[in-house]
Amino acid sequence: MKRSGEKIAMLTAYDYSLARLVDGAGVDVILVGDSASNVMAGNDTTVPITLDHMIYHAQCVVNAVDRALVVVDMPFGSYQGDSKLALKSAIRIMKESGGHAVKIEGGNEIVDSVKRILTAGIPVMGHLGLTPQSIYKFGTYSVRAKEEDEAEKLLEDAIALQDAGCFSIVFEKIPADLAKRVSESLDIPTIGIGAGADCDGQVLVLHDMLGITKDFSPRFLRRYADVGESVDRAVKDYIGDVRKGDFPSEDESY
Ligand code: KIV
């Protein structure tokens, strides 16, 4: 798709029912993101989600998918600083969930893990820029790589990940001109979130773009629906009908 200039559409999903809809609509890649920690479990960060949780969400998504590539996030603590642990974690994800690839956050410091995971024939997607698992190092979720030295480091990290064998890299919250420059320097496709229009594809968190989450409105987010509003209206109508004795009707009874 990169070679032919066709943009790649990626969305997250964490459960069977929504993954079925997302796959049926024709998305190219479904990411079982560790953002499940936020949108499914209500945690403030992605740090608490475990490998077992990620495998469970990935199983639910894999059960739903006929067409899309399913990429599964490796959670915090399942790969950092130990390439043997990284391989073990990636093998568990592939074996127990049936996902097609894994994604890990970081640059040069995770190259050994990328290489070791690849020895088992497991495709790896990288993730640079804002890497939410490092929130306690950054201190904020603000745009990354605005300064020249950080931008140069990101370019070097992207090349290191490509050379290590990553099949694609997510760029999260970096300046659009940097994402364009790095995307043009790489042979592998880049997928942006808050990284401008010149990445080779885009990703959004499903619950954010559907308007299910209401309290998260970064500039890069486009809301394509107001599912939160529809659910609110439907639930209130249901409560009203139950209270009035309007539900169930005779037709809805046996
Ligand atoms: O976990 C996630 O949803 C992600 C995307 C924001 C890329 O990593």
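These values consider heavy atoms only, across backbone and side chains, with no hydrogens, waters or symmetry-generated copies. Start at 1 and go down the list; that is how both ligands and their atoms are numbered. Treat the numbers as computed from the prediction; the structure is a model and nothing was measured.
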Which ligand 1 atoms, with their elements, are less than 4.0 angstrom from a heavy-atom of [X]?
| X | result |
| --- | --- |
| T12 | 3 (O) |
| H127 | 8 (O) |
| V205 | 3 (O) |
| I193 | 6 (C) |

Next item on the list: Would you tell me which option among S35, A13, G33 has the nearest heavy-atom contact to atom 3 (O) of ligand 1?
Entry: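 It is S35 whose heavy atom sits nearest to atom 3 (O) of ligand 1.
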
Notebook entry, point to check: Any idea which of T131, L11, D34, V32 brings a heavy atom closest to atom 1 (O) of ligand 1?
Noted result: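 Considering heavy atoms of T131, L11, D34, V32, the nearest to atom 1 (O) of ligand 1 sits in D34.
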
Next item on the list: Specify side chain, backbone, both or neither for D73, according to which of its non-hydrogen atoms lie closer than 4.0 Å to ligand 1.
Entry: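 For D73, the contact with ligand 1 is made by the side chain alone.
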
Checklist line | Contact partition for L31 relative to ligand 1, non-hydrogen atoms under 4.0 Å | finding: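 Contact part for L31 vs ligand 1: side chain (C-beta onward).
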
Note to self: Check for me whether M10 has a heavy atom closer than 4.0 Å to any atom of ligand 1.
What the structure shows: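 Outside the 4.0 Å threshold, so no.
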
Check: Is it true that the side chains of Q80 and Q133 contain a donor and an acceptor less than 3.5 Å apart?
Finding: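 Note: Q80 and Q133 side chains meet the donor-acceptor criterion.
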
Next item on the list: Indicate whether the side chain of S217 and that of R223 have a donor and an acceptor atom separated by less than 3.5 Å.
Entry: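 Present: a donor and an acceptor within the cut-off.
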
Item checked: K153 atom NZ: more than 12 heavy-atom contacts under 6.0 Å ->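 Check passes, neighbour count above 12.
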
Note to self: Tell me if the CD atom of E252 is crowded by more than 12 foreign heavy atoms within 6.0 Å.
What the structure shows: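 Yes, CD of E252 has more than 12 neighbouring heavy atoms, counting only those of other groups under 6.0 Å.
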
Notebook entry, point to check: From I117 CD1 over to K88 NZ, what is the distance, rounded to the nearest 0.5 angstrom?
Noted result: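 Here the rounded value is 13.5 Å.
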
Check: Are the side chain of R67 and the backbone N or O of V27 linked by a donor-acceptor pair below 3.5 Å?
Finding: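 Yes; at least one donor-acceptor contact below 3.5 Å.
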
Notebook entry, point to check: Between K103 and ligand 1, does any nitrogen or oxygen pair lie at a separation below 3.5 Å?
Noted result: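 Yes.
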
Item checked: For the student: nearest non-hydrogen atoms of S134 and E105, plus distance ->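 Distance-wise, the nearest heavy atoms are N-OE1, 4.3 Å.
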
